[in-house]
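Reading through the C-alpha cells given below for one structure.
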Amino acid sequence: MRYISTRGNSPSVSAAEAITLGMVPEGGLFLPQEFPSMPPQYGKSYQELAKSIFKLYLTDFTEEEIAAIVGRAYNDNSFPRSVAPLVRAGEMNVLELWHGPTAAFKDMALQILPLFMTASRRKCGDEKELVILVATSGDTGKAALEGFKDVEHIRIICFYPKDGVSALQERQMLTTAGGNTKVIGVKGNFDDCQTAVKGLFADAELKELLAAHGIAFSSANSINWGRLLPQIVYYYHGYAQMVAAGRINAGEPINITVPTGNFGNILAAYYAARMGLPVNKFICASNENNVLTDGIMQGIYCTDRPFCKTTSPSMDILVSSNFERLLYELCEHRGEAVAALMSGLSKDHKYEVPAAVRQDFYGGFADSAQAAAVIKHYYEKHGYLADPHTAVALAVAEAYREQSGDTTPMLVASTANPYKFPVAVCEALGIKCDEGKVMQAAATLSAFTSTDMPKSLSEAAGLPILHDTVIDKADISACVRELLLAE
Ligand SMILES: *Cc1c(COP(=O)(O)O)cnc(C)c1O
C-alpha cells in the first residue's frame with residue numbers, strides 16, 4: 001500500500017515513511033492510495049481485528065511486527081476492562097472509547113502511535129532521537145505522555161496553560177513518570193502554547209542545530225496517519241458487537257454519530273465504510289463551535305467567527321485539520337482542487353464545501369445547556385451516565401432521527417469517561433458542587449450515582465508531583481533549547 005498527498009504535491013510514500021514524516025513536507029496530509037476491502041468481521045477479539053486491519057495498510061511491516069505492536073498497545077494492563085465495549089442507552093448503541101490509561105478516547109490511538117513511530121523510523125533508517133512537542137489544553141497532553149512514556153529514542157515535552165486546564169487534568173499530567181517526559185506550565189493561554197510550539201517546528205535554524213545534535217522534532221497530533229489508522233478498528237468492533245447483542249442483523253446498515261473536533265474520529269468511521277462496513281449516514285456532532293455543522297449543511301466552511309468556551313472543551317476547535325482528507329474524496333481525488341480550497345482557507349478564512357458531502361454526512365450541534373439536559377435525561381431515563389462530549393453526540397443523534405425520520409440503528413461514539421468532567425456532569429444532574437474542587441465533585445458524583453471513579457483518576461490524587469517547571473510564555477523557545485542543547 002502506498003500513501004499519497006491530499007494536495008497532489010508529493011510522490012507516493014510507504015506507510016513507514018508517511019508515519020515518520022507525519023504530514024506531507026510541502027503541505028497536505030497523507031492518505032492511502034486506495035481503500036482495501038474487508039467485510040464486517042465477527043467473533044474476533046479486539047487484538048485480532050486490529051491485526052487484520054493493520055496488515056492491509058501497513059504492507060511494509062511484517063506480521064510479527066504488527067502482532068508485537070498490537071499486543072503492547074491493547075492489553076489487560078492498558079485497557080483492564082475491555083478495549084471498546086458497547087453499551088445500550090435507550091435507542092442508542094454507545095461505543096465507549098475511554099477505557100484506556102487516561103480515561104479519554106485519545107488513548108485508543110496514542111497507546112499505539114509511539115510504537116508505530118518507532119518501528120517506522122527503524123525501517124526508514126532514521127537514527128535521530130525524536131522529541132515530541134505537544135501544546136495541550138488538557139486531554140491530549142496526558143494521553144500523549146502516557147503513550148510516549150519510556151518509549152526508546154523518543155522524548156516528549158508537553159506545554160500547557162498554567163491556569164487554563166482543570167485541576168484534575170493538571171494533576172494527571174504533573175504526576176507522569178517516565179525518564180523521557182517533561183511537563184511545563186506556561187503563564188499564558190492555550191493559543192500562546194500552540195503558537196510557540198508551531199514557531200519551534202518552523203524554526204529552520206533551530207532544526208539545523210538540533211540535527212547536528214542528532215535530534216529532530218515531531219508531533220503527536222491527529223494528522224499523522226499512524227493516529228488515524230487505529231481508529232478504524234473500533235468501528236468494525238462496534239458493528240460486530242451490535243450484531244452479537246442482537247441490535248442488528250449481520251450485514252444490516254447502521255448510522256454513526258461522532259462528537260467531533262479535529263474530524264479524525266468520524267473520518268475513521270468513514271474509512272471503515274469505504275472498506276466495506278455497512279454505514280448509511282455519518283452524523284457529525286459539534287458544540288457551539290459549529291464550523292463543521294455549517295460547512296456540511298450550508299456548504300460554507302468559515303472560521304471567521306468567535307471561539308466559544310464550552311463544557312466539551314476537546315471539541316472547541318475552529319479548524320478541523322482532518323476534514324482535508326474528506327475533501328480529497330469530495331473533490332474526486334483532484335489534489336489541485338483540495339490545494340485551492342486550503343489556500344482559500346488561509347487567505348479568506350473560508351471555502352466552499354462540495355455539495356457531495358451531504359450524500360453521506362449530516363451535521364448538527366448542541367450547546368452546553370442542551371448537552372446538560374441530555375446528561376440528566378439519559379441518567380434518569382436510561383441509567384446511562386454520559387460525559388459532556390458524548391452528550392453532544394447523543395443530542396445531535398436524537399435530533400437527526402427526529403428531523404429525518406431515519407430510524408437506522410445508531411452507533412454513538414462515546415469519547416470521555418464522565419469523571420473526567422465531574423463539575424459539568426454534577427451541574428447537569430443538578431448536584432451542587434464547587435467549581436474549583438474537581439476531586440470533591442468527582443466524589444460527590446460517585447456517591448450520587450453509585451459508580452466508581454476510574455482508578456487512573458483517583459490515583460492521580462495520591463501520586464507525587466514530578467514536574468514543577470512554570471515559565472513565561474516568552475521563554476518557551478529558550479526553555480526547549482536549554483533542555484535539548486545543554487549537554
Ligand atoms: C479529541 C476529542 C474529541 C474530538 O475528536 P476528533 O477526532 O478530534 O474529532 C471528542 N471528544 C473528546 C473527549 C476528545 O478528547
Side-chain angles (χ1 to χ4, degrees), residues 29 84 94-111 113 134-147 165-166 168-169 172-173 190 219-232 234-235 256-272 282-293 295-296 310-326 361 363 365-366 368 371 375 386-397 412-422 424-425 454 457:
L29 307 181
V94 181
L95 185 63
E96 294 184 342
L97 304 174
W98 39 260
H99 290 268
T102 76
F105 118 93
K106 301 284 188 293
D107 288 331
M108 299 300 295
L110 283 169
Q111 279 295 299
L113 173 70
V134 183
T136 183
S137 54
D139 278 355
T140 306
K142 180 60 178 177
L145 285 163
E146 279 304 308
V165 302
S166 84
L168 181 61
Q169 288 174 322
Q172 274 191 301
M173 288 193 276
F190 171 64
S219 128
N221 70 23
S222 72
I223 55 181
N224 193 312
W225 174 247
R227 217 178 124 174
L228 206 47
L229 173 61
Q231 301 188 264
I232 297 174
Y234 49 73
Y235 288 106
I256 298 180
T257 303
V258 183
T260 297
N262 219 3
F263 209 76
N265 200 2
I266 194 167
L267 186 71
Y270 173 77
Y271 284 173
F282 303 90
I283 294 120
C284 174
S286 303
N287 61 25
E288 287 95 318
N289 296 294
N290 54 0
V291 188
L292 283 165
T293 313
I296 293 168
T310 70
T311 55
S312 44
S314 300
M315 294 157 71
D316 290 345
I317 261 182
L318 294 180
V319 180
S320 299
S321 316
N322 272 301
F323 198 66
E324 179 171 343
R325 285 188 166 108
L326 181 66
F361 286 82
F365 76 101
S368 296
I375 291 173
D387 94 287
H389 302 75
T390 307
V392 165
L394 290 167
V396 172
V412 175
S414 170
T415 50
N417 185 305
Y419 281 96
K420 281 218 92 162
F421 304 94
V425 174
L457 299 185

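What you see is a predicted model; the values in this text were computed from it and never measured. All ligand and atom numbering here is 1-based and tracks the order in the structure.
Panel note: side chain Arg227, backbone Lys106; no donor-acceptor pair is recorded below 3.5 Å.
Scored by the ring pair (Phe, Tyr, Trp, His ring centres under 6.0 Å) test, Phe282 finds Tyr270, Phe361 as partners (sequence neighbours excluded).
Residues Asp387 and Lys420 are not paired through a salt bridge, judged by the lack of any N-O separation under 4.0 Å between the basic side chain and the carboxylate.
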Exercise for the section: Could you please spell out the steps behind the side chain to side chain contact (heavy atoms under 4.5 Å, CB included) verdict for Cys284 and Ile296? Expected result: CA-CA 9 Å; Cys284 174; Ile296 293 168; 3.7 Å; yes
Where does ligand 1 get N/O contacts under 3.5 Å from the protein, atom by atom?
unit_1, atom_1, unit_2, atom_2, d
ligand 1, 7 (O), Gly264, N, 3.3
ligand 1, 7 (O), Asn265, N, 2.9
ligand 1, 8 (O), Asn262, N, 2.7
ligand 1, 9 (O), Gly261, N, 2.8
ligand 1, 9 (O), Asn262, N, 3.2
ligand 1, 9 (O), Phe263, N, 3.0
ligand 1, 11 (N), Thr415, OG1, 2.8
ligand 1, 15 (O), Lys106, NZ, 2.6
ligand 1, 15 (O), Ser314, OG, 3.4

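Between atom OG of residue Ser320 and atom CG of residue Asn289 there is a gap of 9.5 Å, rounded to the nearest 0.5 Å.
The shortest side-chain heavy-atom distance between Met108 and Pro230 does not fall under the 4.5 Å cut-off.
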